[in-house]
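Worksheet for the structure shown next.
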Amino acid sequence: MSFENPSREQIGDILASAGNIAVVGLSDKTDRTSYMVAGAMQSRGYRIIPVNPTVDGEILGEKCYHTLAEIPEPVDIVNVFRRSEHCAKVAQEAADIGARVLWLQQGIVSAEAAEIAAEHGMIAIMDRCIKVEEAITMHGRSRQ
């Protein structure tokens with residue numbers, strides 16, 4: 001079975017109802033794409049939870065966790081800024097914490113991660129930028 005991303009309307013619904021977004025691979029370097037994308041989402045009112053095993057302290061004013069399992073609250077979307085070969089492991093960790101959505105950023109595709117997401121009832125989105133999709137799908141919409 002070939003993978004297909006949800007429709008734009010479905011992506012809009014996901015973003016409209018999103019609470020916490022854990023960003024795996026969020027860099028503390030302000031010139032990195034992950035930092036800019038997460039910062040933009042934060043400025044749009046989304047709660048960003050940084051996940052980076054090499055960062056102690058905070059990123060974007062939020063406590064940074066080393067793993068998804070350390071996050072003490074529910075996570076709706078796990079947004080992934082890691083190379084494809086690391087995504088299956090992240091998908092399993094996302095399933096283990098009960099995340100609703102596994103979102104692999106633009107340029108990142110992992111059939112294995114998508115299979116793990118499907119097996120655990122998660123929605124998978126691959127090779128799409130969450131910031132771009134938010135701008136397209138949420139134009140004129142309010143978050144729930």
Side-chain angles (χ1 to χ4, degrees), residues 3-114 116-118 120-144:
F3 175 81
E4 193 172 310
N5 278 316
S7 69
R8 279 264 156 82
E9 185 177 337
Q10 290 168 314
I11 288 173
D13 291 344
I14 290 165
L15 290 168
S17 64
N20 294 333
I21 302 175
V23 183
V24 176
L26 177 53
S27 177
D28 58 352
K29 295 175 179 62
T30 59
D31 64 336
R32 295 286 174 91
T33 302
S34 63
Y35 187 95
M36 291 183 270
V37 167
M41 294 299 288
Q42 188 181 57
S43 73
R44 297 277 306 185
Y46 294 89
R47 167 85 192 290
I48 300 299
I49 302 173
V51 180
N52 186 322
T54 66
V55 176
D56 294 315
E58 295 185 347
I59 302 175
L60 293 168
E62 292 282 350
K63 177 177 171 40
C64 185
Y65 296 92
H66 292 157
T67 66
L68 288 171
E70 292 176 14
I71 299 171
E73 54 196 296
V75 171
D76 295 307
I77 299 174
V78 173
N79 184 215
V80 184
F81 284 90
R82 298 286 319 271
R83 291 193 315 263
S84 298
E85 61 265 27
H86 301 290
C87 290
K89 181 176 185 283
V90 175
Q92 187 58 58
E93 291 171 3
D96 291 345
I97 66 164
R100 294 186 309 120
V101 178
L102 177 71
W103 191 308
L104 307 185
Q105 273 297 128
Q106 190 167 351
I108 306 170
V109 175
S110 169
E112 188 180 0
I116 291 167
H120 291 87
M122 285 188 294
I123 297 167
I125 300 170
M126 297 192 294
D127 194 22
R128 295 275 175 93
C129 176
I130 196 169
K131 177 179 169 270
V132 170
E133 294 299 317
E134 200 275 342
I136 293 168
T137 62
M138 295 300 291
H139 183 72
R141 278 177 89 164
S142 61
R143 294 190 44 228
Q144 300 166 357

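All values derive from a computational prediction rather than experimental measurement.
- Counting heavy atoms from C-beta on, the side chains of Val37 and Phe81 come closer than 4.5 Å.
- Taken from CD1 in Ile71 to NZ in Lys63, the straight-line distance is 10.5 Å, to the nearest 0.5 Å.
- Smallest separation of non-hydrogen atoms from Ile77 and Ala18: CD1-CB, 3.7 Å.
- Note that CD of Glu133 and CZ of Arg8 are 4.0 Å apart. Values are rounded to the nearest 0.5 Å.
- The shortest non-hydrogen separation linking Tyr35 to Lys29 is CB-O, 3.3 Å.
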Practice problem: Any chance you could lay out the salt bridge (Lys or Arg N to Asp or Glu O under 4.0 Å) test for Glu112 and Lys89, step after step, and finish with the verdict? | Solution: CA-CA 9 Å; Glu112 188 180 0; Lys89 181 176 185 283; over 6 Å; no
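- Glu62 approaches Pro50 most closely through the heavy-atom pair CB-CD, 3.6 Å.
- Under a cut-off of 6.0 angstrom, the local environment of CD in Glu70 is crowded, with over 12 non-hydrogen atoms contributed by other residues, nucleotides or ligands.
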Exercise. Evaluate the criterion side-chain contact (heavy atoms from CB on, under 4.5 Å) for residue pair Arg83 and His86; output intermediate values, then yes/no.
Key: CA-CA 6 Å; Arg83 291 193 315 263; His86 301 290; 3.5 Å; yes
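- Closest of all the heavy-atom pairs between Ala124 and Ala114 is CB-CA, 4.2 Å.
- In this structure, Ile11 and Glu9 have side chains that are not in contact, with every pair of non-hydrogen atoms separated by 4.5 Å or more.
- For the pair Ile49 and Ile21, the minimum side-chain heavy-atom distance is 4.5 Å or more.
- Using a 4.5 Å heavy-atom cutoff, the side chains of Pro53 and Tyr65 are not in contact.
- Taken to the nearest 0.5 Å, the CD1 atom of Ile116 stands 7.0 Å off from the OG atom of Ser110.
- Between Asp127 and Ile108 the shortest side-chain heavy-atom distance does not fall below 4.5 Å.
- Under the 4.5 Å side-chain criterion, counting only non-hydrogen atoms from C-beta, Cys87 is not in contact with Met126.
- Of the listed residues (Val75, Asp76, Ile123), just one forms a side chain to side chain contact (heavy atoms under 4.5 Å, CB included) with Val101, and that residue is Ile123.
- You'll find the side chain of Gln105 reaches within 4.5 Å of the side chain of Cys129, heavy atoms only.
- The number of heavy-atom neighbours closer than 6.0 Å to CD of Glu4, taken from other residues, nucleotides and ligands shown, is 12 or below.
- With rounding to the nearest 0.5 Å, the separation of OG1 in Thr67 from CD in Glu93 is 6.5 Å.
- Going from atom CD1 of Ile136 over to atom CG of Leu15 covers 11.0 Å, rounded to the nearest 0.5 Å.
- The shortest heavy-atom contact between Ser17 and Arg100 is OG-NH2, 3.4 Å.
- Partners of Asp28 by salt bridge (Lys or Arg N to Asp or Glu O under 4.0 Å), not counting sequence neighbours: none found.
- Remark: Arg32 engages no residue in a salt bridge (Lys or Arg N to Asp or Glu O under 4.0 Å) (not counting sequence neighbours).
- Side-chain polar atoms of His66 and Asp56 form a donor-acceptor pair below 3.5 angstrom.
- Under the 4.5 Å side-chain criterion, counting only non-hydrogen atoms from C-beta, Leu26 is in contact with Ile48.
- The backbone N or O of Gly25 lies less than 3.5 Å from no partner atom in the side chain of Asn52, so there is not a single donor-acceptor pair.
- To the nearest 0.5 Å, the span separating CG on Leu104 from CZ on Arg128 amounts to 12.0 Å.
- The two atoms that bring Leu102 and Ala91 nearest to each other are CD2-CB, 3.6 Å, heavy atoms only.
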